[in-house]
Amino acid sequence: MGLLQPKRTKYRKTFKGKRGGVATRGNSLSFGNFGLKAMECGFISARQIESARRAMAHFTQRGGRIWIRIFPDKPITKHPAESRMGSGKGDVEGYVAVIKPGQLIFEMGAVAKDVAEEALRLASHKLPLDTKFIER
């Protein structure tokens, strides 16, 4: 499948932005019966999303359904190692999803509760934020 990233963007580089407040959208189950909800704000990279998705798919032996409720559409830039300060903004290194508290990251369906709970627990270890298991 590969890493998630936008097909095209209006601007190649973006500001960092402030990430305050709680999620008012994407904060309730829409597709599956179980979900993984973010408890704090931060960035989740495309690599971390893919790694968590693989952990879930591997544990369920590709049974059940997995929905990824976030998309990495924010470019993150970085200067090359050992380059001098200044000289503009660095090159785009990858894409991240901006996460607010209360936002659903993954949803699962068509599996038993204990299977979903363990799969989402394994996925949460791949993410840099505190998360919580929720069910319908």
So which heavy atom on Ile68 is nearest to which on Arg53, and how close? CD1-CD, 3.7 Å
Contact summary for Asp73 and Pro6, nearest pair of heavy atoms: CA-CG, 3.9 Å
Looking at Val111 and Gly64, what are the two nearest heavy atoms and their distance? CG1-CA, 3.6 Å
Return yes if some donor-acceptor pair links the side-chain N/O of Lys16 with the main-chain N/O of Ile76 below 3.5 Å, else return no. no
From Ile70 atom CD1 to Ile99 atom CD1, the distance as rounded to the nearest 0.5 Å: 4.0 Å
Test item: Met56 and Leu122 side chains (from C-beta on) under 4.5 Å apart, heavy atoms: no
What residues form a ring-ring contact (aromatic ring centres under 6.0 Å, His included) with Phe34, not counting sequence neighbours? Phe133
Heavy-atom closest pair, residues Thr77 and Lys89: OG1-NZ, 3.6 Å
With a 6.0 Å cut-off (strictly less than), is the heavy-atom count around NZ of Lys78, excluding the residue itself, greater than 12? no
Honestly curious: do Val96 and Leu4 fall in one hydrophobic cluster under the side-chain, below-4.5 Å linking rule? no
With rounding to the nearest 0.5 angstrom, report the CG to CZ distance, Leu127 to Phe106. 5.5 Å
Rounded to the nearest 0.5 Å, what's the gap from CG on Leu104 to CG on Leu36? Could you check? 8.0 Å
Is it the case that the side chain of His58 and the backbone of Ala119 share a donor-acceptor pair, with hydrogens and angles ignored and the cut-off at 3.5 Å? no
State whether Arg54 and Glu50 are salt-bridged, where the test is any N-O pair (Lys NZ or Arg NE/NH1/NH2 against Asp/Glu carboxylate O) under 4.0 Å. yes
Which atom of Cys41 lies closest to which atom of Leu129, heavy atoms considered: O-CD2, 3.5 Å
Listed partners of Lys13 passing salt bridge (charged side-chain N to carboxylate O under 4.0 Å, His left out), at least two apart: none
Counting only N and O atoms by type, is there a donor-acceptor contact under 3.5 Å from the side chain of Lys100 to the main-chain atoms of Ala38? no
Start with the C-alpha gap between Phe71 and Ile49, add the side-chain angles, then the distance that decides, and say whether side-chain contact (heavy atoms from CB on, under 4.5 Å) holds. CA-CA 9 Å; Phe71 186 81; Ile49 295 170; over 6 Å; no
Is it the case that atom CZ in Arg62 sees more than 12 heavy atoms from other parts of the structure closer than 6.0 Å? no
For Arg19, what residues pass the salt bridge (charged side-chain N to carboxylate O under 4.0 Å, His left out) criterion, not counting sequence neighbours? none
Quick one: pull up CZ in Arg69 and CD in Gln103 and give me the separation to the nearest 0.5 Å. 8.5 Å
ring-ring contact (aromatic ring centres under 6.0 Å, His included) against Phe31, all qualifying residues, sequence neighbours excluded: Trp67
How would you list, by chain and number, every residue that makes a side-chain contact (heavy atoms from CB on, under 4.5 Å) with Gln5, sequence neighbours excluded? Tyr95
Can you name the closest pair of heavy atoms from Gln48 and Ser45 and give their distance? OE1-N, 2.9 Å
Distance, nearest 0.5 Å, that separates OG of Ser28 from CD of Glu107: 8.0 Å
Report the residues that fulfil side-chain contact (heavy atoms from CB on, under 4.5 Å) with Ser51, sequence neighbours left out, ordered by chain and then residue number. Lys126
Rounded distance [0.5 Å steps], CG in Asp91 versus CZ in Arg12: 7.0 Å
